[in-house]
Every structure is written in C-alpha cells, then in structure tokens.
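Keep in mind that what you see is a predicted model, and the values were worked out from it rather than measured. Order of listing sets the numbers, starting from 1, for every ligand and every atom in it.
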Amino acid sequence: MCGIFAYLNYNVKTERRHILEVLFNGLRRLEYRGYDSSGISIDSDLSSDPDVKSRQPLVFRQEGKIESLVRSVYQEANTIDLNLEESFSVHAAIAHTRWATHGVPSPRNSHPQSSGAGNEFLVVHNGIITNYEVLKETLVRHGFTFESDTDTEVIPKLAKFVFDKTNDEQGGQAVTFSQVVLEVMRHLEGAYALIFKSSHYPNELVACKRGSPLLLGIKESTQDVNNGTPFHDDKFLTSKGHPKELFFSSDTHALVEHTKKVLVIEDDEVVHLKDGGVSILKFDHHKAEKHGRLPRPASVQRALSVLEMEVEQIKKGNYEHFMQKEIHEQPESLTTTMRGRLIRGGSCKAKSVLLGGLKDRLKTIRRSRRIVFIGCGTSYNAALAARPFMEELSGVPVTMELASDLLDREGPICREDTAVFVSQSGETADTLHALEYAQNNGALCVGITNTVSSAIARKTECGVHINAGCEIGVASTKAYTSQIVVMAMMALAIGDDTISSQARREAVVDGLFDLPNKVREVLKLDDEMKDLAKLLMDEQSLLVFGRGYNYATALEGALKVKEVSLMHSEGILAGEMKHGPLALVDETLPIIVIATHDACFSKQQSVIQQLHARKGRLIVMCSKGKASLVCPNGTCRVIEVPQVEDCLQPVINIVPLQLLAYHLTVLRGYNVDQPRNLAKSVTTQ
Ligand code: BG6
C-alpha cells in the first residue's frame, strides 16, 4: 500500500517553501504505509513567455525514504533557481510515498506519474490497476510512449487521451476536470485511490476512489472575514469563494495536525476542488459517454465528520520508536479498549459486558451454525488466541480462516454462519475481499477494527471498534492485545445467557479490570528482555513453542521477531514437536517455551523435559514464582510473568516477546518502525 497526499490553499497566501513543508510532513505521517520511494508535484514559476498563461507543474521523484526526497528537492530547487519565497494565494500540490508493486523502487517508477512532456496530467495512486496492460496497449496504439514499469502510468495518459478526444469531438467546448476523471474511471479495473493535477486545470484537484482509502480534510482560514470566529456550517466550509486549506490523505494521520473536519470519501465518489469549493460527484457505472458527450454525473451532499484523535497520537513522545511507544502504551490502550464496556456489577446486577455495536445481533450470533474468524498476520493470531474462550462461552464451533487461503479455496461460508473480520487497519485487501465473499454467501459479517472510517468498519453489518488509538509501527503490538480483549468481551457478551458459566464469566471480568496493571507489571521486564536480546542478537534462527491459549502467542512472538529483527523464527504448536520440529533441537538453537500455568501446564513440563533430554538451549516463560517447576536444575533461562485468567494470559505473555523483538532489531541495527519490504496494511491483493 502507498500513501497519497495533496494540499490546496485557496485565498490563503502561502509561500512555496511552506507548501513544500506541508507536503513533506504529510508524507512523513504516511511513510509507515510504504517507504521505498516518493515524489511530489508543485507549480513552477510563471513562464517569461507571455503566451504561456498557466504555470507548468514541476515533478520531483526520488528513491528511498522521504528525507532523501526532501534533500533532492531543495538541491534541484537551488539548481533551477526556484524561488522558495514566492507566495501563492491559490496553489494545488500532490505527493506520494510508495510501496512498490509494479516496477522496482526508482525515480521513474515513483509517483506522480505523468501523461508525458509538459505534465498535462499528473496522478498519485494507491492501489493496483488490474487491466493496465490492456489499456497500455491501446494507448501505445494511439501514440503514447511509456517511461515507467508501473500500472499507474496508464491513468494520466488515459486522462490526456480523453481530454484531447473530448475536446476535438465537442468542438473545443470545455470539458470539466471531473468529467475527464469520470471517463477515466469508466476504463479502470482494480483498487485505487487517485489524486489528479493538471496544467489544463490550474489550481484545481480531482480525487476519486474504489477500494483504497481516501479522506478530504478542510481547514477554514482564520484570515476569513468572519472576524476569525470559525464557521460551523459545513455547507460554508465546502462552498466556493471562502479562504480555506484543503488536504487529501490516505488516512487521518496526515490530517489531524491541520484539521479535524474530514470527509471520508466513499467508493465511486469523485471529489473536485475548484475555486475554494468542494463538489462530490457519484460515478455511475451505467452512465456512459454518448455521442462524444461525457455524462453529467449526479452530485452528492455529505456532512463532514470530526476526527476523534489528538496530534500526540501520531508523535513518538519520549520514545525512540513508534513500536517501543506502542508496546509501552498497552496499559492505556487496553483501558480505552474496555472503557464503558465492562460492567462491575453490584448487589443485584452480575458483572458483565456491554458491546453497543453487537447487542442487537447477539441472538443471531448465538444461533449461528459456526463462528468463523477471518484475518491476516497479527490480526489472525489475535483471533487464534481468542478462539478457545469463544468456543467455551458461546458453545458455537469456531473455525479460523486466513483471508487469502479462504479466497484461494473459496471455502464454504453459508447464511447460518457468523463471519468475524479482524483487521487493525480495516483496509487489508485480502480481508476485505473475504468480507465481500462472505456477504455474497449470506453470512452475518462482524467487523473488529481499529480504524473508525475504514472499509471493513463501514461494510460489515455490526462490529466492535478496539479503540487502541493510532498504531504507526508496521509491526502490530497494542492492536494485538486490544483485539484479544475485544474478542474475550465478545465471548462474554455471547455467553451472557448461560448460568453455568456465570462464575467463570465474573472471574474473567475481574481479570479484565485488573489487566492494565498486570501489563504494567510485565513491562518491567524491559531491561531483562534487552539482556536476552544481547544474548541472541547474532543467532540465525529461533523457535517458539506454545499450546492451548498460547499457541497464538508462539505464532505471534515468532512473527514479531521475523517482521522487525529479520531473524528467522518459527512459532510451533508444542503438541506437534515430536512430529518433526524436534529434529531441529541441539545445544545451539535457541528455543523459547511458553509454559505459564493453565490446563496444558503439565504437558508443557514434559515438552521441556524432552527438549532438555536433547540438550536443547531453552528459554522458558512461566508464571511468577513457578520457575522451579519448569527448570528444576536452573540450567535454562526463565522469564517469569504475572499469572492472570488463562484466556487473558496471551495478552501478558506476548509483551516480553514484543520487547525481545524490539531490542533484537535495535541491536541488529535494523529499521524498527519501517521494516524491510513490509507495509502497515496491504491494500492490494
Ligand atoms: C501487515 C502488517 O501488512 O498486515 C501486519 O504488517 C498486520 O502488522 C497485517 O498484522 C494485517 O493487517 P490488518 O490491518 O488487517 O490487521
């Protein structure tokens, strides 16, 4: 997935240097979405040639992190003597940070992609155009030459093709920018969020989307005549003529420092910024070009929403890295996840849970034939950790599906099923497609996400927002523990009607209330994990054994080590050890065994003995004060963690492994927040 951003200042005098800084800052906030190359487009100086009325768009593109783009832009500006102090009362600029899908990271494959010489049309794109080869062939036949290996380059060239063709056929009668974009959309297949800039439409921008996320942010200008008191009327904010600053962004992270007034752009909507006005048009698949005349689209009225997040959330605060911050934020993020949802109960009321987004569907879920958990990566592991408790309290069979595998197999989903989609970003393409697949098969679809305005949150029938706050580190940490807690609360709500489990449910509710404190306690192992990382930093490989509730902990712990420290690591179901993995055991390969107290403890004790028998190099995670039970002769390293309710233990047990992965990455000198080749959520299949 990539990050796309745009900035248009309307009747707000702004220096070119400030415009550049707004673009660079927007890209820095979106860099976690993709960070192998980037680019921007701004307007040039007015040409000395009196016939050239409009300013030519300038394009700057660079391989590598945003900072290398920043350096190259200021160098080039110097070379071409670009006046950075020149100020513009109106100016439209676009920007992009890339996660390569088509074409290696390089300046020519970076965005904005262009229609050709003169940059008549420029586009930044997040997503994949699946029919780009067919379109490319057609455009080559019409004389276009392609410079990049990207799928995106067909879009600005198609816009020029439509523009030239329509102008000819309409005898030069002006076609609007949004009409050109609507016609381009008619030819595009795949997932996309796009922002167009054009020398034919100076000071205008047009954005559109299908499948990939896109938002518009509106900042009213204090320069406005209304004596500086902000106008609260959305109609005013979107109407023409009033000084304002407008921002397009792939997500809220690049908007919140400018404004909280946002518009979540829906699929097939086209947003046209012109003369300070915002018009929203709906692309109608059925309306096509007739007799060379482009269709007049229906305009849409929509209210702005107000972001519920603070700028602090997208800053590191006193931490070195976002991952480190997000690991240490877990006591607070878990508290917000449970806020207003846990009922302490009293003399006449039992302890229970209230999930507003689910309460009207609990009866249906209880009658389900199956509950199917569907997700990718860490979100899948969170669902796996919650499965045993969901089975126990709901009494409904619970199956697990990796989204991509379910789609590959076209696995059975039917109308009696409840399909639960777990996704931090709410935008992961495989999970989204699995949602469409389940909806087409009539299942009740429930969403568990961390992003309010995300596609999965909007497209599911009901759901729970995990409220973990922004997660910027690409390796998911606080979202994982909040996802487990939300699914535990979901199990409590579904199982709320069975007397037999009341004592169990009350014990778990108590455990939930006390969980943030227990996490604060386990975070005290930070230095110990750093020491362990020093011991393991030169290792090639690491195994993690877990079972029952902690099979998921083994998978997630290994995933964290893989994702960020780039060390091979494998999470293994301890019960499978003798059926293969045991062959790997010797006195050199480090092995973490999760053996905290629960119903599987005695089995884990025998696993430890068998590994000892083969001189295994063990690191055992056990409940506080139980070291002697897992390592009687003191020969192995022990990580003692607080004991909590068994179904909540995965929330505690993952924290030392998150810290280990973090310290291993720092010690091995790798990038913690933007690991090689990964992205925060993959919005393309
Ligand atoms: C990957 C992220 O791209 O997607 C992982 O790097 C994440 O951290 C996985 O777990 C699934 O993302 P999401 O947003 O659907 O939970």
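- Of the heavy atoms in T378, both backbone and side-chain atoms come closer than 4.0 Å to ligand 1.
- Counting atoms of ligand 1 from 1 in the listed order, those under 4.0 Å from a heavy atom of S423 are 13 (P), 14 (O), 15 (O), 16 (O).
- Scanning both residues, H465 and T451, for their nearest heavy atoms gives CE1-N, 3.4 Å.
- No side-chain heavy atom of Q658 sits less than 4.5 Å from a side-chain heavy atom of H328.
- Atoms of ligand 1 found under 4.0 Å from any heavy atom of V682 (numbered from 1 in listed order, with element): 3 (O).
- Between S681, G377, S454, S379, it is S379 that holds the heavy atom closest to atom 16 (O) of ligand 1.
- In this structure, atom 12 (O) of ligand 1 lies nearest to the protein heavy atom T428 OG1, 3.3 Å.
- At a heavy-atom distance under 4.0 Å, only backbone atoms of A679 (N, CA, C or O) approach ligand 1.
- Annotation for E539 and M567: closest pair O-CE, 3.5 Å, computed over non-hydrogen atoms.
- The protein atom (non-hydrogen) at minimum distance from atom 5 (C) of ligand 1 is E563 OE2, 3.8 Å.
- Residue S425 is tested with S379, S681, S476, S454 for a side chain to side chain donor-acceptor pair (under 3.5 Å); the sole match is S681.
- Taking the charged nitrogens against the carboxylate oxygens, R28 and E31 have no contact shorter than 4.0 Å, which rules out a salt bridge.
- Side-chain atoms of S368 and T418 include a donor-acceptor pair closer than 3.5 Å.
- A donor-acceptor pair shorter than 3.5 Å cannot be found between the side chains of S482 and N467.
- For atom 4 (O) of ligand 1, the closest non-hydrogen atom on the protein side is K680 O, 3.9 Å.
- The two residues M490 and V420 come nearest to each other via the heavy atoms CE-CG2, 3.7 Å.
- Residue contacts with ligand 1 include V474, since one or more of its heavy atoms lies under 4.0 Å from the ligand.
- Below 4.0 Å from some heavy atom of S476 lie the following atoms of ligand 1, by number and element: 8 (O).
- In this structure, atom 9 (C) of ligand 1 lies nearest to the protein heavy atom C376 O, 4.1 Å.
- For ligand 1, the atoms sitting less than 4.0 Å from at least one non-hydrogen atom of Q424 are 13 (P), 14 (O), 15 (O), 16 (O), numbered in the order shown with element in parentheses.
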